[in-house]
**Q** 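Okay, handing you the structure first.
In the text below, chain A, chain B and the rest are named by the order of the sequence lines, each starting its count at 1. Worth knowing before you read on, the calculation uses all heavy atoms, side chains too, and leaves out hydrogens, waters and symmetry mates.
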Amino acid sequence: MGRGRRIRLSLMPTDFESVEILGGEEEVSLLEILDHVLNAGVVIHGSLVISLAGVDLVYLGLNVVLTSVETALNNLQIEEKRKK
Amino acid sequence: MSRVLAYCGFQHGAQIALPAVGVGAAPVQLMSSGGLGLLWSEVEWPFVPDQMQRSALEFHEVVRHVFNQIAVIPFRLLSVFEDQQALRTFVDENQERFLADLERLKGFVQMECVVYPAPGQTQADSSSGKAYLEKKAVAMRSSEGFAQAVRNAVAHLSHEVRVREGKNGTRIFVLVERGRESDFRQTVGALPLPQHLARRISGPWPAAEFLSDQVKAPEIVNQKVAGQKIAGAK
């Protein structure tokens, strides 16, 4: 699959499968990426979905992560509808 | 509807190669204020849940593209602004604080080590309340001991260390000079680990754990964020 960067899809700490994306060479866990893009960095007050902040996503199951995101997005959609 | 998604801030001025596209193949645009550069895209909001994983990777790739060249302050993926004017107000109000953090963190990256119960060790002894608490106490002491061992072992290459206890283990964040990531990996990877614990080393990441509180959670005055009007928040 070429010389792209390997990303390990991690459902549990010891349960890995691999995919590749273009880029560097170091291995990182998809869950760690999700954890960082959702939980690390600047939090904008008032953003409804930011209630996800504080949830330690690393080493939770991928389904749990995506379910959390989905639930948050559903809540956001409900909130948006309410405003219309 | 569309919203403005912020990716990251960085010291603008040096010759930095910027990514062309971001989440949902949207063009990545640059907003400057003083010496601060901030990347953003106009995206369809809310994100489609089925594409959340792809969006996260695309977001990560934009931040990583800049972070590979220079220190960045990442935003969180789901932080969106109502429109470009709201982002402009935010950038103008916060540029000094952002630039101060970027100057302080210039030349450093964040490395991490997570210590967690080894597979097969996660089942606490439930034969009695006392046994359960004893086992928990042993696990906590082991994690704390390992965290201290990491502090000692990386003292020669760390600028700062922070430790955070979580439900799923102990997270050790270390601010390391850029270019010394492999030293960190070798040093921490060589530390003896109690049998019932496992470790996972990752990085380099943007030094998000070491941002000042005012940058991590900036106050916003009289602007709309994600559809909410925040008035007089100060």
**Q** For A/Asn39, does its backbone N or O pair with a side-chain atom of B/Arg76 as donor and acceptor, under 3.5 Å?
**A**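 Confirmed, B/Arg76 side chain pairs with A/Asn39 backbone.
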
**Q** So does B/Gln69 have more than 12 non-hydrogen atoms from other groups sitting under 6.0 Å from CD?
**A**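 Buried by this count: over 12 neighbours within 6.0 Å.
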
**Q** Can you tell me how far CH2 of B/Trp205 sits from CG of A/Asp35, rounded to the nearest 0.5 angstrom?
**A**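 A/Asp35 atom CG to B/Trp205 atom CH2 measures 8.0 Å (nearest 0.5 Å).
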
**Q** Measuring from B/His60:NE2 to A/Leu34:CG, what's the distance to the nearest 0.5 Å?
**A**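 Here the rounded value is 10.0 Å.
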
**Q** Indicate whether any N or O donor in one side chain lies under 3.5 Å from an N or O acceptor in the other, for B/Glu112 and A/His36.
**A**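 Yes - a donor-acceptor pair under 3.5 Å links their side chains.
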
**Q** Go through the structure and list residues passing ring-ring contact (aromatic ring centres under 6.0 Å, His included) with B/Phe108, not counting sequence neighbours.
**A**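 For B/Phe108 the ring-ring contact (aromatic ring centres under 6.0 Å, His included) partners, ignoring immediate neighbours, are B/His159.
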
**Q** Just give me the residue among B/Pro74, B/Cys8, B/Pro206 that pairs up with chain A most often, heavy atom to heavy atom, under 4.5 Å.
**A**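 The residue among B/Pro74, B/Cys8, B/Pro206 with the greatest pair count is B/Pro74.
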
**Q** Can you name the closest pair of heavy atoms from A/Gly41 and B/Leu211 and give their distance?
**A**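 Looks like CA-CD1, 4.3 Å.
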
**Q** Just wondering, are more than 12 heavy atoms of other shown residues or ligands nearer than 6.0 Å to CZ in B/Arg54?
**A**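 Open: at most 12 neighbouring heavy atoms sit under 6.0 Å from CZ of B/Arg54.
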
**Q** Which atom pair, heavy atoms only, marks the closest approach of A/Ala40 to B/Ala208?
**A**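 Scanning both residues, the minimum pair turns out to be CB-CB, 3.8 Å.
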
**Q** Would you check, one step at a time, whether the test side chain to side chain contact (heavy atoms under 4.5 Å, CB included) holds for B/Phe98 with A/Val42?
**A** CA-CA 10 Å; B/Phe98 271 55; A/Val42 179; 3.9 Å; yes

